[in-house]
Structure formats: structure tokens, C-alpha cells
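Step one of this worksheet: look at the structure below.
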There are 4 protein chains.
Amino acid sequence: MCSRTTSRSRTGRPRSLEADAAILEATRAALVELGWSKLTMGDVASRAKVAKTTLYRRWAGKNELVVDAVAVLFDELELPDLGSLQADIEHVVLQFAALLERPETRTALMAVVAESTRDQPLRERIRLSIVDRQKRLVLEGRQRAQARGELPAGRDPLATDATDDLIFDVIAGAVVHRALVSAEPVDEAWVQRFTALLIGGLGAAAAAS
Amino acid sequence: MCSRTTSRSRTGRPRSLEADAAILEATRAALVELGWSKLTMGDVASRAKVAKTTLYRRWAGKNELVVDAVAVLFDELELPDLGSLQADIEHVVLQFAALLERPETRTALMAVVAESTRDQPLRERIRLSIVDRQKRLVLEGRQRAQARGELPAGRDPLATDATDDLIFDVIAGAVVHRALVSAEPVDEAWVQRFTALLIGGLGAAAAAS
Amino acid sequence: MCSRTTSRSRTGRPRSLEADAAILEATRAALVELGWSKLTMGDVASRAKVAKTTLYRRWAGKNELVVDAVAVLFDELELPDLGSLQADIEHVVLQFAALLERPETRTALMAVVAESTRDQPLRERIRLSIVDRQKRLVLEGRQRAQARGELPAGRDPLATDATDDLIFDVIAGAVVHRALVSAEPVDEAWVQRFTALLIGGLGAAAAAS
Amino acid sequence: MCSRTTSRSRTGRPRSLEADAAILEATRAALVELGWSKLTMGDVASRAKVAKTTLYRRWAGKNELVVDAVAVLFDELELPDLGSLQADIEHVVLQFAALLERPETRTALMAVVAESTRDQPLRERIRLSIVDRQKRLVLEGRQRAQARGELPAGRDPLATDATDDLIFDVIAGAVVHRALVSAEPVDEAWVQRFTALLIGGLGAAAAAS
DNA sequence: CAATAACCGAGACGGTACGTCTTGTCTTCAG
DNA sequence: CTGAAGACAAGACGTACCGTCTCGGTTATTG
């Protein structure tokens with residue numbers, strides 16, 4: 001969200017809530033039309049029918065604004081119980097791939113990550129708004145698979161966390177790399193091969209321990 | 001490399017080769033110091049002691065220049081025979097992680113990928129200069145493992161290619177995501193867990209087919 | 001003056017009046033130091049401690065800026081009553097010659113006239129800001145001479161206007177040509193000869209009609 | 001070596017002379033199309049189908065080139081004997097006005113004069129190529145008028161020279177000022193009034209001495 | 001119910017980088 | 001050797017954004 005978190009001085013005119021929504025919507029629209037690098041604060045302001053001052057009062061710059069604008073899109077990802085780990089993973093990977101097909105996500109995600117390599121606060125913001133929030137999917141999927149008996153129950157919570165992180169990086173990384181770097185389609189065939197590889201690896205790792 | 005590929009007009013003063021080298025070197029230096037977003041064409045030009053026109057005569061813009069400047073760094077990756085697939089993969093993954101620690105690669109890679117989502121020619125250039133060139137590592141590692149008997153010989157060359165691509169996306173994607181998105185260290189512990197997962201998956205996949 | 005004439009948009013930050021003055025002063029200083037052809041907008045901006053955009057917001061380019069910068073200098077010309085037409089003319093011609101000795105006028109005047117041959121709006125601006133404003137001198141001098149009886153009272157106002165214009169072109173043209181084209185000094189001797197010729201011509205013309 | 005010497009002496013520099021003519025012609029054409037300030041050396045070179053090097057080998061820059069290109073146009077001015085001083089002057093003034101109507105002269109003349117205010121060698125070149133060459137017209141006209149008895153024979157050659165110069169500045173200055181600064185037509189009516197004024201002045205001056 | 005304080009729009013401000021253009025010099029090749 | 005072709009360093013051009021700063025004016029709460 002924007003920097004104004006909790007403690008507001010209770011006096012003075014309050015900030016317009018419509019403005020916040022209009023700005024984020026305008027940001028997404030501008031991302032679709034122009035892409036990250038052609039998007040400008042001035043353009044977002046005029047799309048949202050808002051003064052530039054109003055933008056800068058809420059967000060420090062383009063990076064922060066765009067992170068907030070696209071973060072909400074990642075909350076669309078869901079993990080319905082499809083009966084098997086394989087099916088659950090395939091489903092969420094396809095959802096994620098569909099999200100990466102959307103121009104606003106496509107152009108914004110890598111850009112803010114690139115910026116974050118030189119900007120510690122931005123890195124934190126991305127982690128909070130996007131990365132950590134989606135780790136829930138791995139957690140939920142793993143627990144469900146354990147409940148089904150597809151995966152052994154982890155004894156060491158520390159090792160479990162590390163494995164969750166590893167799986168998250170593998171899934172998210174592989175899909176993003178396929179979609180944006182290799183620039184090849186994340187279709188059902190690829191997803192099945194990928195999921196099989198992953199589940200095979202998890203099984204082998206479980207057997208080894 | 002630069003746009004002048006083969007057919008040179010036989011007349012006029014030829015382009016300076018020193019300038020080419022100085023520009024790419026200056027670009028890398030500027031990336032280290034300033035990062036992607038603060039890097040400017042004018043600054044690169046003055047570092048290289050070259051006129052801006054000389055830059056623009058060779059590269060269409062910042063994106064193309066930076067791709068060429070960092071592409072060569074990826075050629076440092078090597079795959080020495082360490083006796084086992086596990087060791088080979090761990091070695092190259094650590095090398096790749098070290099490459100992503102370097103500020104010039106760190107800041108440039110995601111940025112040009114982000115730009116490429118809206119720029120088809122740039123996407124091609126990245127694929128040619130970086131992505132496809134490093135797939136050699138997967139090819140070589142797989143063939144060596146097959147020679148050692150660690151992996152079964154692939155019968156269907158089409159399926160083999162698809163698996164090579166999959167492995168490439170998984171390795172590169174996971175490492176990049178760990179290093180730049182999750183922003184956590186790619187250390188030996190993580191690499192071992194990751195490599196075990198991958199090799200387990202490959203073994204399971206081989207057993208299944 | 002600058003393009004903002006009367007109707008100001010009532011909203012937004014008003015334009016800085018100090019900036020206007022600083023820019024015109026900086027322009028004159030740059031003309032003195034560098035001359036017309038070496039004068040650059042960027043240099044004027046940095047002398048005036050003003051952004052280039054501030055210049056371009058007020059003036060379309062170098063031509064318009066310089067016209068405004070030097071126009072005010074022409075207002076220094078005065079026509080004190082020295083008792084005779086001969087003395088009045090000699091005085092103003094010497095003043096004008098002194099003005100043309102100043103480097104800012106010297107270098108700017110012919111340059112903007114040259115540009116105006118291809119630029120109708122610039123021609124209008126020169127006429128308004130410089131030419132027409134100085135015709136007052138001819139008008140005043142002629143009326144004073146008529147009051148003294150040195151020249152007959154004009155009956156036809158149309159013919160009077162035409163004669164005023166003719167005299168203006170003859171005086172200004174001859175002095176400018178002597179000073180800048182022939183590049184010879186406009187000294188007292190020359191001024192006396194020239195004034196005698198002019199007054200003689202006026203007298204003969206009056207006698208003929 | 002022998003053949004080269006032969007071919008050199010045989011072909012010598014005929015190409016070079018064609019180039020000179022082509023360059024000056026191209027310069028005039030470019031002046032007509034683009035005017036002084038938009039005219040560039042590179043454009044002239046390509047119009048003349050000549051390398052820029054060839055231009056710079058012959059002329060120091062735009063100023064010198066343009067002076068040479070337009071100087072020849074001033075040689076068209078002639079002073080046929082029309083029977084009276086009044087008619088002779090009117091004729092040459094109209095010719096001069098017509099010359100100033102041509103776009104190449106119009107745009108070039110004031111521009112090079114403006115440049116010459118900061119460039120002594122250019123001032124010399126203009127004087128040699130244009131100014132002094134046209135003073136012949138005043139000399140010839142004055143002598144013819146003296147032969148006709150319209151003007152008294154000058155006794156003092158120094159005073160005569162000074163008067164010739166004065167007349168030259170008055171005629172050239174007034175016409176240029178009328179045409180380019182006041183930007184009003186130099187038509188027959190104006191020319192008659194002007195010539196009458198001038199001849200009246202000369203008569204009065206002669207009577208006075 | 002006025003004062004106050006923070007908000008809002010509009011738009012000018014000082015800066016910085018852009019990508020292009022022109023200048024005058026230089027380097028190569030062809031004849 | 002001369003000339004065309006064109007690359008070169010230098011630097012100005014006019015534009016676009018950035019993030020900040022006035023302005024005049026608009027809500028809410030508070031005294």
C-alpha cells in the first residue's frame with residue numbers, strides 16, 4: 001500500500017480514497033498501453049485526473065507505484081483442491097503463466113525486480129507485497145499433499161521452510177524464465193513435463209532422507 | 001555484436017575497432033558504478049572518450065548496447081568434468097550465482113529482459129547473444145552424464161531437446177529467482193538441495209519413461 | 001515582450017518575473033561576449049541561472065529572444081531640442097551611431113534582420129519592438145522643425161507620413177550601412193555632411209512642391 | 001609514374017573548376033530553398049555532388065562561401081545612360097531593389113554583414129567582393145552627371161571621394177533598410193521621392209560650397 | 001461557526017538526458 | 001596526388017520527464 005499506514009494526524013482534509021484507486025487503475029492502464037519504460041508519472045496523473053503532487057504525496061516514485069499497482073493482481077492466484085499434487089501444481093502454474101501473459105504484469109515484474117537490485121527499500125516492498133504473499137500457495141499445496149499422503153510429513157520445521165522456499169524459487173523461476181527470458185509458451189505440455197520433474201525430485205528427496 | 005554485420009560499404013573511413021571495445025568496456029564500468037537506470041548514453045560516451053554519435057551509429061539505444069556489453073560475461077561460464085552430474089551441476093550453478101553477484105550483470109540482466117517484453121528485436125538479440133549460447137552448458141552436461149551412464153541415452157531427439165530446454169529454464173530460472181527476486185544467497189547448502197531435487201526429478205522422469 | 005501577453009490562466013504557479021529580467025540581461029551579456037552566432041540558448045540559460053525550458057516557455061528561439069533583449073536599448077535614443085533641425089538630426093545620428101558601436105546591438109541587429117527575411121512573425125516582432133517605436137523620433141523632429149518654421153507645414157497627412165518613412169529609411173539605412181557594411185566610422189565630419197545633404201534635400205523638395 | 005604525370009597535366013584541374021562552379025551554384029540554390037540559417041555545408045556538398053573536404057579545401061566556412069556565391073549577382077547592376085541623373089539613379093535603385101527581392105540575396109546579404117561584425121577577414125572579403133566593386137556605379141553616375149553639367153566639377157578629389165562614399169551609403173543603406181528592415185516595397189513612387197530628395201540634397205550642397 | 005490544517009488542481013521551476021544535427025577534421029580507397 | 005565517401009570528436013539543438021515549488025481554492029475537524 002501507500003506510505004500512509006496508520007497514524008494520521010486527525011486534522012485537515014483527508015486524502016481522497018477515490019484518487020488512490022484511480023491512480024492505481026490508471027497505472028495499470030498505462031502499463032498495458034505503454035509498458036514500463038514509456039510510462040511516466042505525468043501521464044499516470046493525467047489519466048487519473050489528478051495532480052502530480054497527489055501522486056508524489058502517496059508514492060516515492062514510479063517503482064513504488066508500479067509495485068502497488070501490480071501486487072494486487074498476484075492475489076488472483078488460487079489453489080483449488082484438484083485431488084492430486086500433480087493437478088494442483090499444474091493448475092497454479094498455468095494460472096501464473098496466464099498472469100505473466102498479461103501485458104501489465106509482463107512489463108512491470110522484471111522491471112521492478114531490476115530496479116530492486118540497487119534499491120534495498122524497493123526490494124523489501126516487493127518481498128512484502130508480492131513474493132512473501134504468494135509463498136502461501138506453496139505452503140498450502142505442501143500441507144494438502146502431506147494430508148493426502150503424497151508427501152511425508154516433515155519433522156524438522158526449519159528444513160520444511162527451506163524446502164518451501166526452494167520449491168517456490170524453482171516454480172516461479174522456471175515459469176518466469178520460460179515465459180520472459182526464453183520467450184517460449186508455457187503450455188500444458190511444458191507444464192506437465194515440468195511438474196513431473198518437480199514431483200519426481202520431491203519424491204526422490206523424500207526417499208533419500 | 002554491433003549492427004554492421006557483413007556487407008561493408010567499401011568506401012569511406014572504416015569504423016574504429018578501438019571505439020567498439022572502449023564503448024563496451026565503458027558500458028560495463030558505468031553499469032558497475034551507476035546501475036542500469038542511472039546509466040546514460042552520454043556518460044558512456046564520455047567514459048569511452050567517444051562522441052555520442054559514434055554510439056548511436058553502432059547501437060540503437062541503451063538496451064542493445066547493454067545486451068552486447070554483458071553478453072560476453074556469460075561466456076565465462078564453463079563446465080569442467082568433475083566426475084559426476086551432481087558435482088558438474090553444482091559447479092556451474094555456483095558459477096552462475098557468482099556471475100549474478102557481479103553488479104553489472106545483476107543490474108543489467110533483469111532490466112533488458114523487462115524491456116524485451118515490449119521489444120521483439122531486443123528479445124531476439126537477447127536470445128542470440130545470451131540465452132541460446134548458454135544452452136551449450138546443458139547440452140554438454142547432459143551428454144557427459146549419458147556417457148557416464150548417469151542418465152539413459154535419449155532415443156527421441158525432439159524429446160531430448162525439449163528436456164534440455166526445460167532443464168535450462170529450471171536451472172537458470174531458479175537461480176535468478178533465488179538471487180534477484182527472493183534476494184537470498186545462492187550458497188552451497190541451497191545449491192546442494194536444489195541439485196538433489198533436480199537430479200532426483202531427472203531420475204524419476206527417466207524411470208517413468 | 002514574451003508571448004504571454006494578457007490573458008493568463010488564473011490557475012497554476014505564475015511565471016517568475018525575475019526570470020524574465022535575468023534572461024534578457026544574460027542574453028545581452030552573452031551577445032557582448034560571444035556575439036550572435038556563438039550565442040546559445042543553453043549558455044543564456046545557465047548565465048541566467050534558469051532552466052532551458054524556462055527560456056523556451058517564453059520565447060520560440062534565439063531570434064525572438066534577441067529581439068526582445070536588444071529592443072529596449074533602442075529606447076535610449078532621445079531627441080532633445082538643440083535649437084535647429086540640423087543640430088537635432090546630428091545629435092540623434094551620433095546617438096544612433098554610438099548604439100551601433102555597442103557590441104550587443106552591432107552583432108544582433110543585422111542578424112535578426114537577416115533571419116526575418118525568411119520569417120514573417122519575426123519581421124512583425126522587429127517592426128513592433130524596434131522599427132515602429134523609433135519612428136517617433138522622425139515624427140517629433142519634423143514637427144519641431146515645422147514649429148520653428150524650418151520646414152513648411154504639411155498639408156496632406158498621407159504625403160507627410162510617406163515622407164517621415166522615407167526620412168527614417170534614409171537616416172537609419174545610411175548610418176547602418178556606413179557603420180556595418182562600409183565599416184567606416186560615423187564621426188562628426190560624416191554626420192555633418194550627411195545631415196547637410198538630407199536637409200538640403202528636404203528644403204529642395206519643399207521648394208518644389 | 002610517367003603516365004600519371006601525363007594524365008595529371010592533361011586533365012590537370014578541369015574537374016576542379018567544374019566543382020567550383022557547381023558548389024557556388026549549389027550554394028545559391030540552397031540559399032533560395034533554405035535561407036541562410038538552414039543552409040549547411042553538408043547539404044551544399046551533396047547538392048554539388050562533391051565531398052565536404054572539397055568545400056573546406058576552397059572556403060574556410062559558410063560565411064566565405066556565401067559571400068562568393070552571391071557577390072557575382074551584384075555585378076549584374078548596370079548604369080545605362082538614360083539622359084539625366086534622376087533617371088540614372090532611379091534606374092539603378094530599381095535594379096538594386098529587384099536584386100534584394102531575390103531570396104538568395106535577401107537572406108544572404110544581411111547575414112554575412114551580421115557575421116562580419118565579429119570577423120575582420122570576412123569584413124574585408126565583403127568589402128572587396130561586394131562593396132567596393134559597386135562603388136563604381138556611384139563614380140560613373142557622378143562623372144556622367146558632371147559631364148552633363150548637372151553637377152559642378154569637383155575641385156578637391158578628397159572631398160569628391162568622401163561625397164561618393166556618402167552617396168553610396170545613402171543609396172544602398174536607404175534601399176536596404178526600406179526593403180529588409182521596414183519591409184515595405186521599393187516601388188517607383190518611393191524611388192522617385194527618394195531620388196528627388198537625394199538630388200535636391202546634392203544640388204543644395206553644391207550651391208553651398 | 002469560524003479558524004485551521006491538510007488536502008487538491010494546475011502549472012512553472014531547475015535539472016538532466018534524450019536522440020539528432022552540424023561543424024570541421026581525419027582516414028580509407030579508387031583512379 | 002586528388003577527390004568521394006563517410007567515420008570521427010565536439011557540442012548545440014529543442015523536447016520530455018523528473019521531482020519540487022508556488023499558487024488559488026476546497027474540504028474536514030477542532031476550538
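Numbers restart at 1 for each chain; the letters A, B, ... are given by sequence-line order, proteins then strands.
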Please report, rounded to the nearest Å, how far the [atom2] atom of [N] is from the [atom1] atom of [X].
X	N	atom1	atom2	result
D:W36	E:dT22	CH2	C1'	14 Å
A:L55	F:dT20	CG	P	12 Å
D:E64	E:dT23	CD	C1'	14 Å
D:R58	F:dG3	CZ	C1'	9 Å
B:R47	F:dA9	CZ	C1'	19 Å
B:D43	E:dT16	CG	C1'	12 Å
D:K49	F:dG6	NZ	P	15 Å
B:W59	E:dC18	CH2	C1'	18 Å

Could you check whether [X] pairs with [Y] (Lys NZ or Arg NE/NH1/NH2 to Asp/Glu carboxylate O, under 4.0 Å)?
X	Y	result
A:D68	A:R125	yes
C:D20	C:R15	no
A:D43	A:K38	no
A:R47	A:E33	yes

Open item on the list: Could you tell me if the side chain of C:T27 sits less than 4.5 Å from the side chain of C:W59, heavy atoms only?
Closed with: no
TODO: Answer whether the closest heavy-atom distance between the side chains of A:T54 and A:R57 falls below 4.5 Å.
DONE: yes
- [ ] Answer yes or no: is there a donor N or O on one side and an acceptor on the other, between the side chain of B:K62 and the main chain of B:L39, under 3.5 Å?
- [x] yes
- [ ] Could you check which of E:dC8, F:dC8, F:dA9 has an atom nearest any side-chain atom of B:V50?
- [x] F:dA9
Task: B:T40 side-chain N/O to E:dT16 phosphate OP1/OP2 under 4.0 Å - done: no
Task: Side-chain N or O of C:R57 closer than 4.0 Å to phosphate OP1/OP2 of E:dG14 - done: no
- [ ] For each nucleotide in nucleotides 24-31 of chain E, reading 5' to 3', give B when a protein heavy atom comes within less than 4.0 Å of its base, S when such contact involves only the sugar-phosphate, and - otherwise.
- [x] BBBBBSS-
